[in-house]
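Have a look at the structure below before the remarks.
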Protein chains: 2
Amino acid sequence: MADKVLIYSRFPKSMMARFAERFELLDTGGKPAREVFSVDELGGIRAMLTAGGSPLGAEAMDLFPKLGTIVCYGTGYDGVDLKAAASRNIAVGHSPGANAASVADIAMTLMLATTRRILVADQYVRSGDWAASKQSPMMRPQAGMPGRRIGVYGMGEIGRKIAARCAAFEADVGYFSRTRYDIPPYQYFQSLEALADWCSVLMIAVRAGADTQHAVNADILKRLGADGYVVNISRGSVIDEKALVAALTDKTIAGAGLDVFEKEPHAPDALTALPNVVFAPHIGGHTLESHVAMQNCVLANLTAFFAGKPLPYAVKSA
Amino acid sequence: MADKVLIYSRFPKSMMARFAERFELLDTGGKPAREVFSVDELGGIRAMLTAGGSPLGAEAMDLFPKLGTIVCYGTGYDGVDLKAAASRNIAVGHSPGANAASVADIAMTLMLATTRRILVADQYVRSGDWAASKQSPMMRPQAGMPGRRIGVYGMGEIGRKIAARCAAFEADVGYFSRTRYDIPPYQYFQSLEALADWCSVLMIAVRAGADTQHAVNADILKRLGADGYVVNISRGSVIDEKALVAALTDKTIAGAGLDVFEKEPHAPDALTALPNVVFAPHIGGHTLESHVAMQNCVLANLTAFFAGKPLPYAVKSA
């Protein structure tokens, strides 16, 4: 009989196909588990697959008395209460680095799309306004990449890949992160404030958590300046979304590129009405190769767990 | 009295401001010069500023019996009949490399925007479809950049900058160009056909001319395959636009990113109706820094000409 895995978050069926070949999946479709399965069924659950951003606290864990592992699909695990898991001897796993290139690439895509105003450009051609020689104030020349000061907030695997890509665009790269790395030619800043004062594009690649909650607030945005941009591919919680809407509306900053939001899949109407933002529906890790890589980590974690071995891709701080 | 310069193409006034400080500008606004100025006025014209893509043949040159130089704003000079100019002792100048980074960056922007489907993604968020969990077949995961085979057609300054940027995205870069350069790790291909067979993204960075007219035709597009993309930031003439519309419509290729068109500023309706294309209104060189750099070349060329010296940025083959 196949080992059982509860699917805690809402995932497309296609992303679960490889797991279904190896395990018996109890798919909640993102609904509360008790609405979908009987207490008896849940009682036997030893392993669970979740999206790292889905809230998963002590109360939810206690619905599964035999739970031994929580495996996150992707690199993030900010929704999982690690202390609660540790005190219950629940091993938490994730997919470190598996989607780093894909996420870095969506950061670059969003940065280029906003700074070069590609949505406006595309619409200018499609609408016939270009052919009619209509004026378009938003199509005025903007600053380009060479010599541009790009600040990377967070220097994990994703941050490094963003920095390397930006350097190839002949930009100046600076960073702030808890740890100072010796990675010339990137300039280290002692604080997020100092980085924001220096740069005109802020790329948020920091791991989400209590210490980074609303780290990018009204003050940081103001420091970016009127030609400043912010790109977030980390978690919505890192930006104070209300402050961001205000800064974009009153032109405190020039624009934003956002793959993540405070309350996904909802983006506030005040935000989505703005012309100087490019949006993506949390598709950073959403390429064919990165799904394969993330699934490899999930399969390795689940297989090890059911064999009674430690998780090969365990969350380190757990 | 200031030297006179005829503005042959249609340029925004803001782009001409630095020239107006030094020269007396006779601005045609892109209309036939004889409709705007008298034969007497045109008879005295010795220098002319044009957009390199604007057709400028023997007949047009003969309207200006004293014409001594044609200065192109930008790197291209494909509209200028170089033989006709040479036989009339007209020196042709341009702005080589001044916009190379800016153009390479729009190529990268268009490639990332099409392959990651950023227009669809943005609309999916703005429309509320994401919040409503609606299916979106176009948002299915696509191939990412690491390991992707990217073919660069033309290895001039722009092609090299595109290649360097693609390499930073961990892609495999190949190229075809008249000249074979020793630039590891880029792989050289003997023909455009061989490059198209190998790559899944074709970046067109070749100089326009009779030898490259419709070089990217139905056959080349077919070789890219159903997961293939074409990005053109060179000139519209390099692609057979009818064949491109057909290939995009019947899914012979997956998508395209286009900054240039056969008959600018017109893009055919059959093309602009397609969802798998990202358009830009020929804004490749359109950043603040590249305008400054191009204007520096124009000023240097005009100043040298009126001082009786050779153009510092002369078209080499002229």
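Reminder, nothing fancy here: chain letters follow the sequence lines and each chain counts from 1.
- Using non-hydrogen atoms only and a strict 4.5 Å limit, the part of residues 259-266 of chain A facing chain B consists of Phe261(A), Glu264(A), Pro265(A), His266(A).
- Going from atom CG of Asp122(A) over to atom CG of Leu119(B) covers 4.5 Å, rounded to the nearest 0.5 Å.
- Residues of residues 138-145 of chain B lying within less than 4.5 angstrom of chain A, judged on heavy atoms, are Met139(B), Arg140(B), Pro141(B), Gln142(B), Ala143(B), Gly144(B), Met145(B) in numerical order.
- Distance CG/Leu288(B) to CG/Asp227(A): 9.5 Å, rounded to 0.5 Å.
- Chain B forms the most heavy-atom pairs under 4.5 Å with one residue out of Ala168(A), Ala113(A), Pro12(A), and that residue is Ala168(A).
- Looking at heavy atoms from C-beta onward, His282(B) lies in side-chain contact with Trp130(A) at the 4.5 angstrom threshold.
- Interface remark: Ile106(A) contributes backbone and side-chain atoms alike to the contact with chain B (heavy atom separation under 4.5 Å).
- Ala132(B) does not touch chain A: none of its heavy atoms, backbone or side chain, sits under 4.5 Å away.
- Taking 4.0 Å as the cut-off between side-chain N and carboxylate O, Glu170(B) and Arg165(A) count as a salt-bridged pair.
- Across all their heavy atoms, Thr272(A) and Arg126(B) have their closest contact at O-NH1, 2.8 Å.
- With a threshold of 4.5 angstrom between heavy atoms, Tyr124(B) approaches chain A through side-chain atoms but not through N, CA, C or O.
- Contact between Pro281(A) and Ala121(B) at its shortest, heavy atoms only, is CD-CB, 3.6 Å.
- Closest of all the heavy-atom pairs between Pro146(A) and Ala101(B) is CG-CB, 3.5 Å.
- Of the listed residues Leu110(A), Asp269(A), Ile118(A), the one with more heavy-atom pairs under 4.5 angstrom with chain B than any other is Ile118(A).
- Between the Arg116(B) side chain and the Thr287(A) main chain, no donor and acceptor come within less than 3.5 Å of each other.
- Contact detail for Val125(B) and Ala280(A): the closest heavy-atom pair is CG2-C, 3.7 Å.
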- Under the side-chain contact (heavy atoms from CB on, under 4.5 Å) criterion, do Phe169(B) and Met108(A) qualify, and how do the steps go? CA-CA 10 Å; Phe169(B) 282 83; Met108(A) 298 302 293; 3.8 Å; yes

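- For His286(A), the parts lying near chain B are the backbone and the side chain together; criterion is any non-hydrogen pair under 4.5 Å.
- Neither the backbone nor the side chain of Ser136(A) comes within contact range of chain B, judged by heavy atoms closer than 4.5 Å.
- At a 4.5 Å heavy-atom cutoff, the contact between Ser133(B) and chain A is made by backbone and side-chain atoms alike.
- Neither the backbone nor the side chain of Ile162(B) has a heavy atom closer than 4.5 Å to any heavy atom of chain A.
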